[in-house]
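Read the structure below first, then the notes.
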Amino acid sequence: MRRSLIDILDLSTAELDEMIRVAEDIIAAPQRYSRVCEGKKLATLFFEPSTRTRLSFEAAMYELGGHVLSVAGANASSAAKGESVADTAKIVSCYADIIAMRHPLEGAALVAAQNADVPVINAGDGGHCHPTQTLADLLTIHREKGRFDRLVIGICGDLKYGRTVHSLIAAMLRYEGVRFVLISPEALRVPAYVTDALQEKGIEYRETVSLEEAVPELDVLYMTRIQRERFDAAALYERLKDSYILTPDKLRSAKSDMIILHPLPRVHEISVAVDADPRAAYFRQALNGKYMRMALILKLLGDRSEPEPLRALRTPQEIAARGLACRNPKCIGKVEQELAPAFVLAGGRYRCLYCESDAQDALSGGDAPKRKEQA
Ligand code: CP
């Protein structure tokens, strides 16, 4: 098993700093990197739609002098015939040196990494994580604000299913004096595992439904789309879809040096009139994603260390099912039957190894019993 990127916590702060340095070097002197991946192949396996992530990965590999093998769409590979993620990863390892995978099931990239012989990059697993979007976010914050410490970060929109949100918060927890304002409808608040992490780290945060009330104190406003594809109930999506629309008028009370980020695509949540505002950094952010993906490909292809820092695979407290079940129907552990249910104990709660949802009692369907953390 090779070093992979499944969760942004798989990268140390020093590694993130080094990747930002490499990305800046690529921006300054791209010709120096134009042949460094000669003879290497990146496989992009995208089982969900994508414009930025897939194309920026492919552009990144071409600009490093490498080649790309691509599967775009759930029906374009043998997954459509029922092939498992585990088998797909084993097979693609025979043809490619590195894999970037997007999948609708939460935990799918972890299962791919457990089975591949080459590095696997999580390019988005359902509503769970999107660590390479966070790499784009971090380079943008670094370039626009010049620091990560002491920032007030407002995150607005779909915080429940927003995988970019979960990964960004996880990344920023490591920096001094960061404070979050989490702006969402009641129905789309961040999952418990995210607020638990904030509390465990002693990070100041508050939750609000009002964008207008939050804007004046923010250094970074991270807008997100209400994601139609994550809702089981169309009526709920229709009710919530236009909860937030950022307009020039709403920016009147914002700091003059606040930056506006968005992982994109946008629907209505940022009016096109905002694009002309110099604080609107979201198109620069999309470009930065390519440079950080170049830095990531270089890092993973060059890294021969044991995958010890891979947080989700390093599970000293991993425990077998023993009467527990994952409650998330979009978890890979629920769908790929041969996967043994596995849980980690964090903050006294059992969490699914694959998707981090709270476990439930398999028999009663109620909450799993609380347990003290093991030493
Ligand atoms: N931000 C992002 O993941 O965009 P795509 O869905 O277009 O890849």
Side-chain angles (χ1 to χ4, degrees), residues 5-8 23 42-63 68 70-74 76 98-106 108-109 112 120-141 143-144 153 155-172 188 220-231 237 241 244 246 259-270 272 274-275 280-297 330:
L5 177 66
I6 305 305
D7 184 310
I8 196 67
L42 164 76
T44 51
L45 308 181
F46 277 64
F47 301 105
E48 266 192 347
S50 168
T51 298
R52 274 146 295 274
T53 312
R54 183 163 73 88
L55 294 186
S56 66
F57 261 119
E58 295 182 357
M61 194 55 167
Y62 284 125
E63 290 182 30
V68 173
S70 192
V71 168
I98 186 166
I99 298 170
M101 190 178 88
R102 171 169 291 184
H103 201 283
L105 291 175
E106 298 175 14
V120 173
I121 299 169
N122 183 2
D125 61 329
H128 183 217
C129 291
H130 193 348
T132 69
Q133 178 60 49
T134 304
L135 296 179
D137 304 342
L138 292 177
L139 180 59
T140 309
I141 293 171
R143 300 199 98 202
E144 306 271 336
I153 302 174
I155 308 184
C156 177
D158 178 357
L159 311 191
K160 179 177 181 181
Y161 302 115
R163 57 192 174 196
T164 66
V165 172
H166 309 153
S167 292
L168 178 63
I169 292 174
M172 295 303 296
L188 296 178
V220 176
L221 171 57
Y222 195 95
M223 295 295 295
T224 64
R225 177 174 63 98
I226 309 286
Q227 305 170 91
R228 180 200 298 267
E229 66 273 24
R230 305 280 176 234
F231 283 77
Y237 170 74
K241 67 179 183 185
Y244 302 103
L246 187 66
I259 57 167
I260 306 159
L261 302 182
H262 190 311
L264 304 177
R266 72 172 151 191
V267 185
H268 303 300
E269 62 279 1
I270 300 181
V272 172
V274 173
D275 296 357
Y282 30 90
F283 293 119
R284 299 191 288 278
Q285 182 185 3
L287 177 60
N288 289 336
K290 181 184 73 172
Y291 297 121
M292 283 304 264
R293 290 179 177 111
M294 290 170 83
L296 177 65
I297 291 168
K330 291 170 184 164

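We count ligands from 1, going down the list as the structure has it; atoms in each ligand are counted the same way. What's counted below: heavy atoms across the whole structure, side chains too, no hydrogens, waters or symmetry copies. This structure is a prediction, so every number in the text was calculated from the model and none was measured.
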Roughly how far apart are Thr132 OG1 and Leu296 CG, rounded to 0.5 Å?
-> 7.5 Å
Heavy atom of the protein closest to atom 4 (O) of ligand 1 (residue, atom name, distance) = Arg52 NE, 3.0 Å
Show which atoms of ligand 1 fall inside a sub-4.0 Å distance from at least one heavy-atom site of Leu264.
-> 1 (N), 2 (C), 4 (O)
Counting each atom of ligand 1 from 1 as listed, which ones have a heavy atom of Thr51 under 4.0 Å away?
-> 5 (P), 7 (O), 8 (O)
Nearest non-hydrogen protein atom to atom 6 (O) of ligand 1, with distance, is Arg102 NH1, 2.9 Å
Ligand 1 atoms nearer than 4.0 angstrom to some heavy atom of Gln133 are 1 (N), 2 (C)
Between His262 and Arg225, a side-chain donor and acceptor under 3.5 Å = no
Just by modelled atom types, is the Leu159 backbone N or O under 3.5 Å from a matching donor or acceptor in the His166 side chain?
-> yes
Is there a heavy atom in His130 that sits closer than 4.0 Å to ligand 1?
-> yes
Output yes when the distance from some N or O of ligand 1 to some N or O of Thr53 is under 3.5 Å, and no in every other case.
-> yes
Return yes or no for this condition: an N or O of Pro263 is under 3.5 Å from an N or O of ligand 1.
-> yes
Charged N to carboxylate O below 4.0 Å: is that the case for Arg163 and Glu48?
-> yes
